[in-house]
K.L.:
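Supplied in structure tokens, the structure appears directly below.
Below, chain A is the first sequence line, B the second, and so on; all start at residue 1.
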Amino acid sequence: MPELPEVEVVRRGLEQHVLGRHIRDVDLRGHRVARRHPGGASDLADRVRDTQIQSIQRRGKYLWFVLSDGRSGDPSAGGEMGALVVHLGMSGQFRVCEHGMPEPRHTHAVLTFDDGGPSLVFADQRTFGGFAFSELGAHGIPALIAHIAPDPFDPAYDQRGVVRRLVTRNSAIKRGLLDQGLVSGIGNIYADEALWRARVHGERMASTLSKAVLGRILDQAREVMGEALAQGGTSFDALYVNVNGESGYFDLRLRAYGQEGRPCERCGTPIRREHFMNRSSFFCPRCQPPPRSSKAAST
DNA sequence: CTTTTCTCCTGTATGC
DNA sequence: TGCATACAGGAGAAAA
């Protein structure tokens, strides 16, 4: 499941392969890939066709291609700029495809270029990912995702502000970590890793934690994602690959996520799994004592 | 307004 | 072997 580090790896790969290229056309297969675009697939294609990729940006788990009018050549010459906004969802992949290569399964979009070089394919098995076109708003952020908060690596990230909002929140800390409107980029895996590192159970109410502890949890989130990024992302399963289709060449050691039954690296207590927010949460019951209200507290 | 639950989707693994 | 079920879960809509 691509979270911030994995999306950043994809962004860098895209920078290497499609930055500066002129998009000749985009072939959208089916309606789902453009379901977040207000005008639908045909309008999206109209806006992306014949543009040039000026840059590739990311905030949290979203990435976007900044596009300028392909005919003007010079973006400063007045070509209106907009962005092709992409979310990979759970299984979205970008693949650079040379001519003659078999098309990947579950291909939902194909970008072709004026230079006649390799095309860019978006494939997505579970179809939670998608494309949308958006005007650029304040600070160069697409208007469509203006509600997404800065991620921990963004210069605009204000951790003290995040902590201030967390302490007034009547909700479990893990919900806060997963709230992309509060701090972006953290998904289920890195949330569990950050909580394990900070020795806090995810079902603890955020308002019952001190600002120092909340700050520590956020520090750990940034740290674990930074480590994953330094390794080139974390390969959770075969659904995550880079733009060349390579997978599993890096391996951040996960200490909590997916480690049910294995001894905690700190204290040896078997890692537990509980259901929380319609997903799995992994934690050490000794290092991360559950709150009394939690069902996990009973055993 | 705040917070929680539901829904979208398909390949893989597991149980009977 | 075949069929049913659980699971993976991001994000926005809908509900509470």
Side-chain angles (χ1 to χ4, degrees), chain A residues 1-8 10 29-38 40-41 58-64 85-94 104-109 122-132 134 141-149 151 162 164-195 202-208 221 225 233-241 247-248 254 256-261 272-282 293-295:
Chain A
M1 297 19 100
E3 301 181 25
L4 186 154
E6 294 73 40
V7 177
E8 176 61 17
V10 171
R29 316 273 175 81
H31 69 283
R32 264 192 74 77
V33 69
R35 70 193 182 285
R36 300 264 183 252
H37 182 72
R58 180 191 56 73
R59 166 171 278 196
K61 305 173 201 172
Y62 278 94
L63 57 85
W64 63 92
V85 179
V86 179
H87 198 292
L88 300 178
M90 291 181 62
S91 54
Q93 306 174 349
F94 274 114
R105 294 184 69 186
H106 309 294
T107 290
H108 291 117
F122 179 74
D124 185 8
Q125 177 197 106
R126 294 175 195 167
T127 73
F128 280 14
F131 288 9
S134 172
I141 305 296
L144 196 74
I145 56 168
H147 62 290
I148 300 296
D151 61 62
V162 174
R164 276 198 301 275
R165 290 177 65 187
L166 271 172
V167 288
T168 63
R169 197 165 265 229
N170 229 330
S171 189
I173 177 59
K174 186 168 175 181
R175 285 186 189 277
L177 292 178
L178 295 174
D179 183 346
Q180 306 297 303
L182 187 62
V183 51
S184 66
I186 305 170
N188 198 42
I189 293 161
Y190 292 116
D192 277 4
E193 292 303 303
L195 289 164
E203 291 186 53
R204 297 276 303 277
M205 296 298 280
S207 54
T208 67
M225 290 195 294
T234 297
S235 179
F236 311 113
D237 57 37
L239 290 179
Y240 173 65
V241 297
S247 175
L254 297 175
Y257 183 86
Q259 306 302 306
E260 183 182 19
R272 292 259 305 268
R273 178 169 76 151
E274 297 283 343
H275 291 285
F276 178 64
M277 290 176 70
N278 266 332
R279 63 201 63 192
S280 291
S281 283
F282 299 87
S293 58
S294 164
K295 59 181 181 289

K.L.:
Please report the distance, rounded to the nearest Å, between CZ in A/Phe128 and P in B/dC8.
P.N.:
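Nearest whole value for this atom pair: 9 Å.
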K.L.:
Think A/Tyr257 has a side-chain N or O under 4.0 angstrom from the OP1 or OP2 of C/dA8?
P.N.:
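Answer no for this pair, as no side-chain N or O of A/Tyr257 is under 4.0 Å from OP1 or OP2.
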K.L.:
Find the distance A/Leu182:CG to C/dG10:C1' and express it as a whole number of Å.
P.N.:
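One finds 16 Å between C1' of C/dG10 and CG of A/Leu182, rounded.
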K.L.:
When the distance from CZ of A/Arg58 to C1' of C/dG10 is rounded to whole Å, what number comes out?
P.N.:
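After rounding, the reported distance stands at 16 Å.
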K.L.:
What are the two closest non-hydrogen atoms of A/Arg35 and A/Arg32, and how far apart are they?
P.N.:
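Here A/Arg35 and A/Arg32 meet closest at NH1-O, 2.9 Å.
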K.L.:
Measure from CZ on A/Arg126 to C1' on B/dT7 and round the result to the nearest Å.
P.N.:
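Checked: the CZ to C1' distance equals 16 Å.
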K.L.:
Kindly say if A/Thr127 contacts the phosphate of B/dT10, meaning a side-chain N or O under 4.0 Å from OP1 or OP2.
P.N.:
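No, because none of the side-chain N or O atoms of A/Thr127 sits under 4.0 Å from OP1 or OP2 of B/dT10.
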K.L.:
For A/His108, answer base if it contacts any base atom (sugar-phosphate contacts may also be present), sugar-phosphate if it contacts only those atoms, and nothing otherwise; contact means non-hydrogen atoms under 4.0 Å.
P.N.:
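Answer is nothing: A/His108 stays at 4.0 Å or more from every strand.
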K.L.:
For A/Arg273 and for A/Leu144, find the nucleotide of DNA chain C with the closest heavy atom, then tell me which residue's nucleotide is more 5'.
P.N.:
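Looking at the nearest nucleotide for each, A/Arg273 comes out on the 5' side.
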K.L.:
Can you name the closest pair of heavy atoms from A/Arg58 and A/Glu8 and give their distance?
P.N.:
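It is NE-OE1, 2.7 Å.
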K.L.:
Are A/His106 and B/dC9 close enough that a side-chain N or O sits under 4.0 Å from OP1 or OP2?
P.N.:
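For B/dC9, OP1/OP2 do not have a side-chain N/O of A/His106 under 4.0 Å.
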K.L.:
Could you tell me how far apart A/His37 (NE2) and C/dG12 (C1') are, to the nearest whole angstrom?
P.N.:
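The answer, rounded to whole Å, is 17 Å.
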K.L.:
Checking the side chain of A/Glu193 only, and the main-chain atoms of A/Ala221 only, is there a donor and an acceptor separated by less than 3.5 Å?
P.N.:
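No, because the side chain of A/Glu193 does not come within donor-acceptor range (under 3.5 Å) of the backbone of A/Ala221.
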K.L.:
Using whole Å, what does the distance between atom P of nucleotide C/dG12 and atom CG of A/Leu178 come to?
P.N.:
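Taking CG of A/Leu178 and P of C/dG12, I get 14 Å after rounding.
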K.L.:
Find the distance between CE (A/Met205) and CG (A/Asn170) and round it off to the nearest 0.5 Å.
P.N.:
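The CG atom of A/Asn170 is 4.5 Å from CE of A/Met205, to the nearest 0.5 Å.
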K.L.:
Using a cut-off of less than 4.0 Å, is there contact between a side-chain N or O of A/His275 and OP1 or OP2 of C/dA6?
P.N.:
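False: A/His275 side-chain N/O out of range (4.0 Å or more) of C/dA6 OP1/OP2.
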K.L.:
Please report, rounded to the nearest Å, how far the P atom of B/dC9 is from the NE2 atom of A/His87.
P.N.:
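Rounded to the whole Å, the gap is 17 Å.
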K.L.:
When the distance from CZ of A/Arg165 to P of B/dT3 is rounded to whole Å, what number comes out?
P.N.:
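Nearest whole value for this atom pair: 10 Å.
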K.L.:
Quick one: is the NZ or CZ of A/Arg175 closer than 6.0 Å to the six-membered ring centre of A/Phe276, and within 45° of its axis?
P.N.:
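Ring-cation test returns yes.
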K.L.:
Any idea which of C/dG9, B/dC8, C/dA11 is nearest the A/Gln180 side chain?
P.N.:
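Of all the options, the side chain of A/Gln180 is nearest to C/dA11.
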K.L.:
Taking the inter-plane angle between the rings of A/Phe131 and A/Phe122 on a 0 to 90° scale, is it parallel (under 30°), tilted (30 to 60°) or perpendicular (over 60°)?
P.N.:
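Ring orientation of A/Phe131 relative to A/Phe122: tilted.
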K.L.:
Hey, what are the protein-to-nucleotides 4-6 of chain B N/O distances that come in under 3.5 Å?
P.N.:
{"from": "B/dT4", "atom 1": "OP2", "to": "A/Ser171", "atom 2": "OG", "distance (Å)": "2.7"}
{"from": "B/dT4", "atom 1": "OP2", "to": "A/Arg175", "atom 2": "NE", "distance (Å)": "3.4"}
{"from": "B/dT5", "atom 1": "OP2", "to": "A/Arg175", "atom 2": "NH2", "distance (Å)": "3.2"}

K.L.:
Name the closest nucleotide to the A/Tyr62 side chain, picking from C/dA8, C/dG12, B/dC9.
P.N.:
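Per side-chain heavy atoms of A/Tyr62, the pick is C/dG12.
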K.L.:
Looking at the side chain of A/Arg169, which of B/dT10, B/dT3, C/dA11 is the nearest nucleotide?
P.N.:
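Of the candidates, B/dT3 comes closest.
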K.L.:
Look at the side chain of A/Gln125 and decide which nucleotide, out of B/dT10, C/dG9, C/dA11, has an atom nearest to it.
P.N.:
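Minimum distance to the A/Gln125 side chain belongs to B/dT10.
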K.L.:
5'-most contact on DNA chain B: A/Arg36 or A/Arg105, nearest heavy atom basis?
P.N.:
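Its nearest nucleotide being more 5', the pick is A/Arg36.
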